[in-house]
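A, B, ... follow the sequence lines: proteins, then strands. Residue 1 opens every chain.
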2 protein chains.
Amino acid sequence: MEKKSIISRIIESGLKNTKPRVNIIDLLEQSDNLMTAQDIYESLRNNGVSLNLSTVYRSLDKLTENNILNKVMLEDGKQALYEYNHDIHHHFLVCKSCNKVKPIYSCPLDKYEKELEKKTNFIITGHRVEFYGYCKECQRKLKNNKTLI
Amino acid sequence: MEKKSIISRIIESGLKNTKPRVNIIDLLEQSDNLMTAQDIYESLRNNGVSLNLSTVYRSLDKLTENNILNKVMLEDGKQALYEYNHDIHHHFLVCKSCNKVKPIYSCPLDKYEKELEKKTNFIITGHRVEFYGYCKECQRKLKNNKTLI
DNA sequence: CTCAATGCAAACCGTTTGCATGCTC
DNA sequence: GAGCATGCAAACGGTTTGCATTGAG
């Protein structure tokens, strides 16, 4: 994505256009993986961008509030992950060995959600789905090591 | 559940039968709601059981490891919740207003999971699903207050 | 008697916050 | 120039850990 469109996305949200915000969005938009605040901080520092961890957290909060980014909490609950919000509904496939997280762009829950609303009298506004298992690479590694039960 | 069967469940797992463990299992088995470590700690204290928060955490760890309890991390990621493990596959319906968590004992994902395994070459060992929304009571309250957007 | 479990206090670690300074609009 | 954003350091809060003591098997 061009810097210009990143900047206009920030401004349209009513936020101020600052270097840390542009850099964070740019990084996440280009990243294949979800990243933690720490990941982002280190990655930017390593690329010569000087900024503070608390700025990263504050930026992530603002950008998540404004739907430019998504915040994701996986099962372990240790630390939050962030991704650029492409506005495409999706879920995740998480490898329990290497911890890689792959997005899945199909969702089996639409009909089920409607049924559930009727059954429970809830208004359902969203859902979260994750699949846990072992990716192809780790299956191979673990088979060789015989550590996969 | 009777104390006796709680104790035998502990012993069968190879753990030692101690008061904190029996009390924690007993409490969670009878609770309608998921509880945090802090909840458990306070509830037991209020019932005259003297024990330490770190004992609660250590017990919860051991009991979760041994599948007597389940540990659940919701979207906010603030604190872990625990439930007695009835060995029935289920998911949760979470009210974003009152934070109540209701188990749902149906699951729409079995077929989908198989498809996904083929498509992605993952071995899938489990999944997690939560629905977020507003429960009947909170819908009413919020409608009156006009604070539900 | 041995080893696992507990109590207590201190550490941990991801995240948040208060305050002075800087920068965007 | 006004008000939001940042840097820095300190606080927070849930959870974990080291160590001496207790208690189950």
Side-chain angles (χ1 to χ4, degrees), chain A residues 3-4 6-26 34-45 48-66 68-82 99, chain B residues 3-4 6-26 34-45 48-66 68-82 99:
Chain A
K3 292 265 152 148
K4 280 183 193 171
I6 294 179
I7 292 173
S8 49
R9 182 125 197 223
I10 295 175
I11 291 173
E12 278 160 25
S13 300
L15 298 175
K16 288 198 172 158
N17 159 34
T18 67
K19 272 181 218 161
R21 289 173 182 174
V22 175
N23 282 318
I24 289 172
I25 295 174
D26 195 27
L34 306 196
M35 299 178 83
T36 65
Q38 189 69 38
D39 291 341
I40 292 166
Y41 173 70
E42 282 168 14
S43 166
L44 291 179
R45 289 233 143 195
V49 179
S50 146
L51 87 177
N52 194 278
L53 224 203
S54 61
T55 303
V56 174
Y57 277 107
R58 282 192 271 230
S59 299
L60 290 171
D61 279 355
K62 286 287 178 194
L63 297 173
T64 302
E65 261 173 41
N66 286 279
I68 297 173
L69 304 180
N70 296 324
K71 183 176 180 176
V72 178
M73 254 305 172
L74 296 183
E75 201 166 56
D76 63 69
K78 291 266 154 58
Q79 41 192 58
L81 297 171
Y82 295 86
N99 293 311
Chain B
K3 293 263 155 154
K4 279 184 195 170
I6 293 178
I7 292 172
S8 49
R9 182 124 198 226
I10 295 175
I11 292 173
E12 279 160 25
S13 300
L15 298 175
K16 287 198 173 159
N17 159 35
T18 67
K19 274 182 215 158
R21 288 173 183 174
V22 175
N23 282 318
I24 290 172
I25 296 175
D26 196 27
L34 306 195
M35 300 179 81
T36 65
Q38 189 69 38
D39 291 341
I40 293 167
Y41 174 71
E42 282 167 13
S43 167
L44 292 179
R45 289 233 142 194
V49 178
S50 147
L51 84 177
N52 194 277
L53 226 203
S54 60
T55 303
V56 175
Y57 277 107
R58 281 192 271 228
S59 300
L60 291 171
D61 279 355
K62 285 288 179 193
L63 297 172
T64 302
E65 260 173 42
N66 286 279
I68 296 173
L69 304 179
N70 296 325
K71 182 177 182 176
V72 178
M73 253 306 171
L74 297 182
E75 202 167 55
D76 64 69
K78 292 266 155 57
Q79 40 191 60
L81 297 170
Y82 294 86
N99 292 312

Taken to the nearest whole Å, CG/Asp61(A) to P/dC4(D) is 17 Å
note: Gln38(B), atom CD; dT16(D), atom C1'; distance rounded to Å ~ 15 Å
- Item | Distance below 4.0 Å between Asn52(A) side-chain N/O and dC8(D) OP1 or OP2 | yes
Rounded to whole Å, the OH-P distance (Tyr57(A) to dC8(D)) equals 17 Å
In Leu53(A), Thr55(A), Ile24(A), the residue satisfying side chain to side chain contact (heavy atoms under 4.5 Å, CB included) with Tyr41(A) is Leu53(A)
Rounded to whole Å, OH of Tyr41(B) lies from P of dG14(D) at a distance of 13 Å
Smallest heavy-atom separation, Ala80(B) atom then Lys71(B) atom, equals CB-CE, 3.6 Å
When rounded to whole Å, the CD to P distance for the pair Gln79(B) and dT16(D) reads 13 Å
Checking dG18(D), dG7(D), dT15(C) against the side chain of Arg58(A) (C-beta onward), the nearest is dG7(D)
Closest non-hydrogen atoms of Leu81(A) and Leu74(A), given as atom of the first, atom of the second and distance, are CD1-CD1, 3.7 Å
Between CG of Asp39(A) and P of dC13(C) the distance, given in whole Å, is 16 Å
task = Look at the side-chain N and O atoms of Ser54(A) and state whether any lies under 4.0 Å from the OP1 or OP2 oxygen of dA9(D).
result = no
To the nearest angstrom, the CG-P distance between Leu53(B) and dA10(C) comes to 16 Å
Polar atom pairs (N or O), protein with nucleotides 22-25 of chain C, under 3.5 Å:
{"unit_1": "dT24(C)", "atom_1": "O2", "unit_2": "Lys16(A)", "atom_2": "NZ", "d": "3.2"}
{"unit_1": "dC25(C)", "atom_1": "OP1", "unit_2": "Asn17(A)", "atom_2": "N", "d": "3.2"}

To the nearest 0.5 Å, atom OH of Tyr82(A) lies from atom CG of Leu69(A) at 8.5 Å
Lys71(B) atom NZ is separated from dT15(D) atom P, nearest whole Å, by 7 Å
Tightest non-hydrogen contact, residues Leu60(B) and Thr64(B), listed as O-OG1, 2.6 Å
Taking every heavy atom of Ala37(A) against every heavy atom of Val56(A), the minimum-distance pair comes out as O-CG1, 3.7 Å
By side-chain hydrogen bond (donor to acceptor under 3.5 Å, both in side chains), Asn52(A) pairs with (sequence neighbours left out) Ser54(A)
In terms of heavy-atom contacts, Arg21(A) and Lys62(A) come closest through NH2-CG, 4.0 Å
Axis-to-axis angle across the helix from dC1(C)-dG25(D) to dC25(C)-dG1(D), five pairs each end, nearest 10 degrees, ~ 40°
Tightest non-hydrogen contact, residues Asn23(B) and Lys3(B), listed as OD1-NZ, 4.3 Å
